[in-house]
Engineer: 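Quick one: the structure is below, questions incoming.
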Protein chains: 2
Amino acid sequence: MTKLGCPMNLAEHTELERALGERLATSGFRFTSQRRHVYDALLQTLDHPTADDVFMRTKRQMPDISHATVYNCLAALVHCGLVRQVQLQRGATRYCPNMERHCHYCCDECGTIFDVTMPAETPTMPSPKGFQVDHYEIAVHGLCANCAGLRKK
Amino acid sequence: MTKLGCPMNLAEHTELERALGERLATSGFRFTSQRRHVYDALLQTLDHPTADDVFMRTKRQMPDISHATVYNCLAALVHCGLVRQVQLQRGATRYCPNMERHCHYCCDECGTIFDVTMPAETPTMPSPKGFQVDHYEIAVHGLCANCAGLRKK
DNA sequence: TCAATAATTGGAATTATTCTAAATAAGGCC
DNA sequence: GGCCTTATTTAGAATAATTCCAATTATTGA
Ligand SMILES: [Mn+2]
Ligand SMILES: [Mn+2]
Ligand SMILES: [Zn+2]
Ligand SMILES: [Zn+2]
């Protein structure tokens with residue numbers, strides 16, 4: 001039931017699909033075409049879309065997908081470590097499929113989020129007693145070049 | 001119209017109030033008793049309350065304050081640099097009146113947020129071209145001692 | 001004291017997400 | 001391939017957090 005006419009290179013597509021299936025499986029999730037399409041939508045444009053952005057993008061390939069399913073799929077992808085959830089300001093949660101070590105520059109005017117690769121240093125900090133660290137997140141807030149320019153006028 | 005019977009030391013109270021008034025004024029805000037009470041509520045307990053927590057706490061001293069006003073006051077306090085807004089997970093925004101340099105340890109199980117003072121180093125990173133940095137925020141996610149203990153069983 | 005305007009208020013509206021229960025689809029087994 | 005078990009999907013209702021609104025009230029400066 002694989003939809004043809006997909007713009008992605010066939011071999012590459014199959015490889016990504018295989019990797020996705022494997023990841024899902026090791027977390028006890030089933031491989032569904034909804035999950036594949038949602039993941040595809042995330043990888044197509046590496047901005048940091050909201051669940052609703054992902055919904056609209058996925059709809060183009062799979063017009064009958066539901067809102068609730070997009071939320072479910074995103075949760076599954078986050079759960080099995082293929083996608084990061086980012087929450088830098090109030091409002092809709094954003095999703096980032098770039099799993100490399102990076103921090104986020106966030107324009108507080110237009111909401112654009114930039115990935116910036118970080119130097120591999122361990123920023124040792126004294127944790128609260130007994131705190132079990134899972135991961136950390138560095139966010140730099142300010143104005144993007146564009147918004148900074150507009151504001152000066 | 002200052003309500004008496006406040007548990008806070010009188011001289012100290014007056015000092016905080018003066019400082020608050022000054023800060024508000026320099027940002028073009030008026031000094032209202034609602035803003036004073038909201039700020040008091042934030043300073044009384046240095047956890048990281050949600051707007052609704054602040055609402056309930058403020059209500060004890062000022063039973064007629066409205067929900068909308070608490071949101072307005074918090075926005076004003078954030079605007080004039082007396083309070084930080086923190087958004088570490090999905091859900092209600094949290095407010096932090098500790099304006100010293102610190103990062104946040106956030107328990108993803110119970111939601112508790114711990115302040116940890118940071119070493120005064122500048123974590124130089126290559127900003128995206130033209131990005132105008134305002135501030136940054138470091139968040140460490142994981143489990144607090146308590147929740148980590150409960151989960152092991 | 002008075003006028004101008006900023007702030008407060010209760011309630012309605014909006015936004016983003018989660019919940020629910022019925023229908024459908026995956027994956028393992030014969 | 002067909003069947004069974006169980007996970008997933010689905011539409012729509014429900015919820016949570018916040019913002020908006022328009023009328024009232026309070027603050028400030030002249
Ligand atoms: Mn990212
Ligand atoms: Mn804090
Ligand atoms: Zn911008
Ligand atoms: Zn905890």
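Labels below follow one simple rule: chain letters A, B, ... track the order of the sequence lines, proteins then strands, and each chain is numbered from 1. Computed from a predicted model, the values in this text were never measured in an experiment.
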Engineer: With a cut-off of less than 4.0 Å, is there a side-chain N or O of A/Thr69 near OP1 or OP2 of D/dT8?
Structural biologist: no

Engineer: Would you say A/Arg90 reaches D/dA17's phosphate, i.e. side-chain N/O to OP1/OP2 under 4.0 Å?
Structural biologist: no

Engineer: Roughly how many Å is it from CG in A/Leu74 to P in D/dT8, rounded to a whole number?
Structural biologist: 15 Å

Engineer: Quick one: sort the B/His135 and A/His141 rings into parallel, tilted or perpendicular, breaks at 30° and 60°.
Structural biologist: parallel

Engineer: Report yes if a side-chain nitrogen or oxygen of A/Thr93 is closer than 4.0 Å to either non-bridging phosphate oxygen (OP1 or OP2) of C/dT17; otherwise report no.
Structural biologist: yes

Engineer: Could you tell me how far apart A/Phe29 (CZ) and C/dA25 (C1') are, to the nearest whole angstrom?
Structural biologist: 17 Å

Engineer: Should A/Ile113 and A/Tyr105 count as side-chain neighbours, where that means a heavy-atom distance under 4.5 Å?
Structural biologist: no

Engineer: OP1, OP2 of D/dT8 versus side-chain N and O of A/Arg35: anything below 4.0 Å?
Structural biologist: yes

Engineer: Rounded off to whole Å, could you give me the CG-to-P distance for the A/Asp64 and C/dA25 pair?
Structural biologist: 11 Å

Engineer: A/Met62 CE to C/dA25 P: how many Å, rounded?
Structural biologist: 10 Å

Engineer: Has A/Arg94 got a side-chain atom pairing as donor or acceptor with A/Ala51's backbone, closer than 3.5 angstrom?
Structural biologist: no

Engineer: Where the side chain of B/His67 is defined as all heavy atoms beyond and including C-beta, which of D/dT18, D/dT6, C/dT17 is the nearest nucleotide?
Structural biologist: D/dT18

Engineer: Is it true that A/Arg57 and A/Asp52 have a side-chain N and a carboxylate O under 4.0 angstrom from each other?
Structural biologist: no

Engineer: Please determine whether a side-chain nitrogen or oxygen atom of B/Ser33 lies at a distance below 4.0 Å from atom OP1 or OP2 of D/dA26.
Structural biologist: no

Engineer: Name the closest nucleotide to the A/Cys73 side chain, picking from D/dT9, C/dT8, D/dA17.
Structural biologist: D/dT9

Engineer: Can you tell me the distance, in whole Å, between the CZ atom of B/Arg30 and the P atom of D/dT27?
Structural biologist: 9 Å

Engineer: Nearest whole angstrom, please: distance from the P of D/dT28 to the CZ of B/Phe31.
Structural biologist: 9 Å

Engineer: Between B/Arg36 (CZ) and D/dA26 (P), how many Å, whole number?
Structural biologist: 15 Å

Engineer: Taking atom C1' of C/dT9 as reference, at what distance in whole Å does atom CZ of B/Phe55 sit?
Structural biologist: 11 Å

Engineer: Identify, between A/Thr32 and B/Ala68, the residue whose nearest nucleotide on DNA chain C lies closer to the 5' end.
Structural biologist: B/Ala68

Engineer: Of all the nucleotides listed (C/dT17, D/dA17, D/dT9), which has the minimum atom distance to the side chain of A/Asn72?
Structural biologist: D/dT9

Engineer: On the nucleotide C/dT9, are OP1 or OP2 found under 4.0 Å from the side-chain N or O atoms that B/Gln34 carries?
Structural biologist: yes

Engineer: Any side-chain donor-acceptor pair under 3.5 Å between A/Asn72 and A/Thr69?
Structural biologist: no

Engineer: Taking OP1 and OP2 of D/dT18, is either one under 4.0 Å from a side-chain nitrogen or oxygen of B/Tyr71?
Structural biologist: yes

